[in-house]
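Quick note on labels: first sequence line is chain A, next is B, and so on, each numbered from 1.
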Amino acid sequence: MRLFDRNQMAMTAVVRYPLRSSMLLVAIAIGVAAVLVLTSLGEGARLYVTSQFNSLGTHLLFVMPGKNEVGGLGGMAGSLGGSPRPFTLADVRALGRSPYIDTTTPMVMGGANINYQGLERDIGVLGTTHTMQRLFEYEMESGRFLPELDLDNASPVCVIGDTIARELFGNAEPVGKWVRMGDRRVRVVGALAQGGQSGGHDLDEAVFVPIAFAMQMYNRESVMRMMVEVTSDEAMVKAKKDVQDIIRARHFGHDDITIMDQGTILNTFNKIFLVLTSTLGGIAAISLAVAGTLIMNVMLVAVSQRTAEIGLLKALGARRSQIIGLFLTEAIMLSLLGAIVGVLVGYAAIEFLRYVYPLVDFQAPDWAVVAAVLTAVASGLLFGIMPARHAADLDPVEALAGN
Amino acid sequence: MISRDVISFTQRAVLFNRLRSGLTSLGIAIGVAAVVILTSMGEGLNHYMAVEFSQFGTNNIRVAPGKPETMGLGPGIMNTLRPLTIEDAEALGRLPYVVATTPNRIGRSEVEANSRIRVSNVIGTGPDMADVFQLEMAAGQFLPLDDPLSPRALAVIGATIQEELYGSSSALGDRIRIGGSRFRVVGVASPKGDLLGVNIDESVVIPAARAMELYNVNSVLDITVRFEEKAPVDEVVASMRRLMLARHGVEDFNIATQQQMMEVLGSVLDVLTIAVAALGSISLFVGGVGIFTIMTIAVRERTQEIGLLRSIGATRWQIQNLFLSESVVLAVMGGVMGLLLGGIVVAIVSVTIPTLPVRLSVPYIIAAELVSVAIGLIAGVAPATHAARLDPLEALRTE
């Protein structure tokens with residue numbers, strides 16, 4: 001039997017029972033489409049985070065006080081309490097003098113209540129410098145971002161998020177008004193445009209103040225974290241070393257800061273998302289196993305319905321391997337067709353997701369598509385073997401008689 | 001046809017082609033097992049958190065800075081303008097029913113002892129902490145009852161710290177340096193592991209006032225209040241709120257009972273469990289497609305039989321029942337198999353990987369069984385209706 005004949009026969013069998021074949025296709029297609037859609041959720045989330053990160057530019061360093069292991073609750077305790085030696089504004093200024101460093105953006109975060117004409121709100125406070133706007137490309141609704149000040153200058157000015165502007169001022173113009181934060185009076189110099197969200201902060205509920213002002217308000221001498229913009233990609237390694245050397249020299253020989261570049265942080269994120277995506281894909285792939293039982297079942301039915309045909313083939317001299325090949329081809333053909341339908345349906349569903357949530361770049365990772373198709377075909381092969389062997393083991397005489 | 005006949009007909013139909021019936025049920029079984037296993041992980045996590053929370057009794061209340069509506073970790077956890085002080089903790093301790101209060105302040109510092117250095121967690125707290133969190137001592141004692149505002153510089157070290165800095169020699173009475181300040185070790189804690197997110201073994205415990213001094217802060221992170229077990233919770237919370245209002249003037253604090261904290265956490269985990277159950281149900285759906293296919297084939301194969309039954313007086317309704325009950329039986333068999341399969345896997349996991357909390361979730365099991373019955377019904381309707389609509393004469397004539 002030639003390859004062409006075999007495929008031809010299998011194809012005829014597929015077409016001859018349209019209902020049965022199409023149900024098999026549906027079952028496999030559901031499984032494959034589910035894998036594609038679910039992994040696209042995980043991948044979409046990963047790409048979203050990555051693009052948010054990369055929009056910051058590629059040559060950034062993140063510096064935190066304390067020698068912490070990345071992530072984990074040990075890191076949290078460090079940012080809550082503080083490290084043995086403070087990471088001061090003087091340190092920040094010293095780092096800014098490195099030839100490899102373009103800008104330094106120190107940050108202090110905290111909570112406070114903001115008050116305007118009897119209206120009060122709980123807000124997140126971000127003490128930082130004017131360079132922050134350049135890094136994150138904040139858009140202003142009105143006024144301007146924090147002015148360029150000396151690091152030590154604790155001018156009582158602030159930039160407020162959109163929700164705060166609306167809650168406290170309604171439709172009135174907030175810029176130029178004086179609000180009360182804690183027990184200090186602060187002048188609003190700008191309001192951010194709505195919908196800003198960066199680095200996990202909800203900017204609509206945030207208030208920006210000069211770093212020195214925030215450190216005074218919270219009575220602390222240590223910066224909580226700092227972003228360093230390096231002059232160029234090539235200078236990254238040198239800049240990293242420079243930061244380390246400068247801090248070591250200033251902190252009496254102690255390496256008590258943690259320096260991370262985007263690569264390290266992205267790697268951590270990628271690992272987390274990979275686990276998430278493959279878990280989702282794995283759960284969806286269980287349905288492919290279920291589809292496998294259906295393949296086996298349908299092929300068994302096919303064998304019993306075509307007993308006479310098998311008997312005829314055997315009587316004509318078809319070998320055992322040829323009979324097996326015939327039925328396996330049919331099983332694989334069905335599962336492959338199902339997988340193709342599934343991929344198409346999956347991509348359509350993903351397109352729909354993109355249409356509904358244009359912000360997130362949903363897309364099934366290539367490995368998931370390949371794995372889904374391979375799993376479908378493999379289950380066709382695996383669950384097709386038993387019925388195929390069953391067919392091959394039929395006694396030709398009995399089979400011809402139709403028993 | 002009486003119901004006994006339906007049963008025996010169905011039984012024979014299912015048993016006639018055992019392999020086929022088994023495979024069809026297996027499809028549903030895999031789906032049910034997936035739901036059982038996945039939800040048991042969610043349920044296990046839920047149970048683990050509940051145990052973790054209530055291991056210290058359920059009579060704890062947490063006071064944190066920040067407005068009442070801000071649940072969870074607000075921005076105030078890093079810096080706040082509304083300090084919660086040791087004096088607040090002292091005042092709360094004098095309320096009726098309250099048996100213990102512990103102000104908490106955590107940080108991270110270098111600990112230097114025995115000419116070795118290790119960066120570790122620093123927990124600033126009060127002498128009641130050992131009772132509240134049931135911390136046991138391997139050697140020495142916990143922080144003694146000192147003046148809470150100016151306590152002596154004493155420290156209790158965790159098991160890992162003892163191991164790393166002192167090895168097998170005793171740390172008791174030794175002077176250690178925590179972030180530049182000197183402390184004397186009065187106790188070594190027994191290994192305990194994580195305590196609400198902070199690894200106690202990797203920590204040194206010092207008086208709260210000393211920790212605030214060390215980190216130059218004027219506020220504690222939170223205050224844990226423990227009240228008498230049989231005390232009315234609402235009354236305790238109300239009296240705490242009155243006291244704090246009187247002390248602070250405005251409601252700049254957040255009082256959450258353990259019950260409330262657990263509810264918030266529980267609702268998050270519930271959503272997670274529902275999500276994984278839904279994902280697992282995709283397999284159930286595919287299993288349903290399987291039943292539909294097999295039932296359709298069965299109707300085709302038994303067309304003659306249907307024609308015979310109709311011609312000797314079986315009604316359409318009875319024919320429909322016959323096939324519907326067959327598909328439901330297949331689904332139910334799958335449901336039971338899946339439950340067994342899932343239960344076995346969960347049992348194996350809980351024995352072999354004790355750190356992974358798994359626990360069968362009865363509501364989800366019931367839901368999965370009901371869904372599998374429903375799938376059997378829905379998948380069976382179309383083929384059964386088709387069978388019932390067959391023309392008896394045509395059906396008898398087919399081969």
Side-chain angles (χ1 to χ4, degrees), chain A residues 19-20 23-24 26-28 30-31 34 38 66-68 73-86 108-113 122-125 181-183 205-206 214 217-221 224 254 256 280 283-284 286-294 296-298 300-301 305, chain B residues 17 19-20 23-24 26-28 30-31 34 38 65-67 69-70 74-82 105-110 119 121-122 124 178-180 194 197-199 202-203 211 214-218 221 252 276 279-280 282-287 289-290 292-294 296-297 301:
Chain A
L19 180 93
R20 185 201 296 166
M23 287 327 286
L24 247 188
V26 167
I28 295 166
I30 291 171
L38 287 179
K67 195 85 198 154
N68 287 338
L73 283 148
M76 191 169 134
S79 65
L80 290 179
S83 57
R85 268 165 302 276
V108 162
M109 286 151 281
N113 52 325
D122 254 24
I123 48 149
V125 176
M181 267 171 72
D183 52 2
E205 292 272 11
M217 190 164 72
Y218 294 124
N219 184 24
R220 56 181 295 153
E221 49 177 338
M224 285 169 74
H254 289 279
D256 56 1
L280 285 175
I283 293 176
I286 298 173
S287 57
L288 282 176
V290 178
T293 63
L294 183 56
M296 195 180 212
N297 228 343
V298 166
L300 278 175
V301 174
Q305 280 181 345
Chain B
N17 204 332
L19 185 59
R20 186 194 289 184
L23 279 171
T24 311
L26 184 63
I28 293 288
I30 293 174
L38 289 170
K67 268 219 173 141
E69 55 264 53
T70 37
I77 193 166
M78 303 197 223
N79 284 306
T80 180
L81 293 175
R82 299 148 155 175
R105 178 84 226 183
I106 61 171
R108 210 166 154 77
S109 283
E110 273 172 16
V119 179
N121 303 325
V122 176
I178 302 175
D194 267 14
V198 180
N199 190 336
E202 286 274 13
S203 304
L214 191 63
Y215 296 118
N216 188 20
V217 287
N218 57 359
L221 280 180
D252 58 359
V276 290
L279 293 183
I282 298 174
S283 305
L284 272 179
F285 185 67
V286 175
V289 174
F292 173 80
T293 313
I294 291 306
T296 310
I297 292 173
E301 284 176 347

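Not a single donor-acceptor pair under 3.5 Å links the side chain of A:S287 to the backbone N or O of B:S283.
Interatomic distance, CG of A:N297 versus CG of B:L19, reported as 7.0 Å (0.5 Å rounding). Of the inter-residue distances, the one linking B:L26 atom CG with A:L294 atom CG reads 11.5 Å to the nearest 0.5 angstrom. In this structure, CD1 on B:I30 lies 5.5 Å from OG1 on A:T293, to the nearest 0.5 angstrom.
Only the side chain of A:L38 comes within contact range of chain B, with at least one heavy atom under 4.5 Å from a heavy atom of that chain. Within the 4.5 angstrom heavy-atom criterion, no atom of A:D183 approaches chain B. With a 4.5 angstrom heavy-atom cutoff, B:I294 touches chain A only via side-chain atoms. Heavy atoms of A:Q305 lying under 4.5 Å from chain B belong exclusively to its side chain. In this structure, the portion of A:L19 lying under 4.5 Å from any heavy atom of chain B is its side chain and not its backbone. Heavy-atom distances place no part of B:I178 under 4.5 Å from chain A, backbone and side chain included. Contact annotation for B:L279: both backbone and side-chain heavy atoms come within less than 4.5 Å of a heavy atom of chain A.
Two residues are said to be in side-chain contact when any heavy atoms from C-beta on lie closer than 4.5 Å; B:V289 and A:M23 meet this criterion.
Highest contact tally toward chain B, considering only A:V301, A:V298, A:N219, A:V108, is held by A:V301 [criterion: heavy-atom pairs under 4.5 Å].
Residues forming a side chain to side chain contact (heavy atoms under 4.5 Å, CB included) with A:A291 (at least two apart in sequence, or on another chain): A:A27, A:I28, B:V286. Partners of B:E301 under the salt bridge (Lys or Arg N to Asp or Glu O under 4.0 Å) rule, at least two apart in sequence or in another chain, are B:R20.
Nearest heavy-atom pair across B:A34 and A:I286 is CB-CD1, 3.8 Å.
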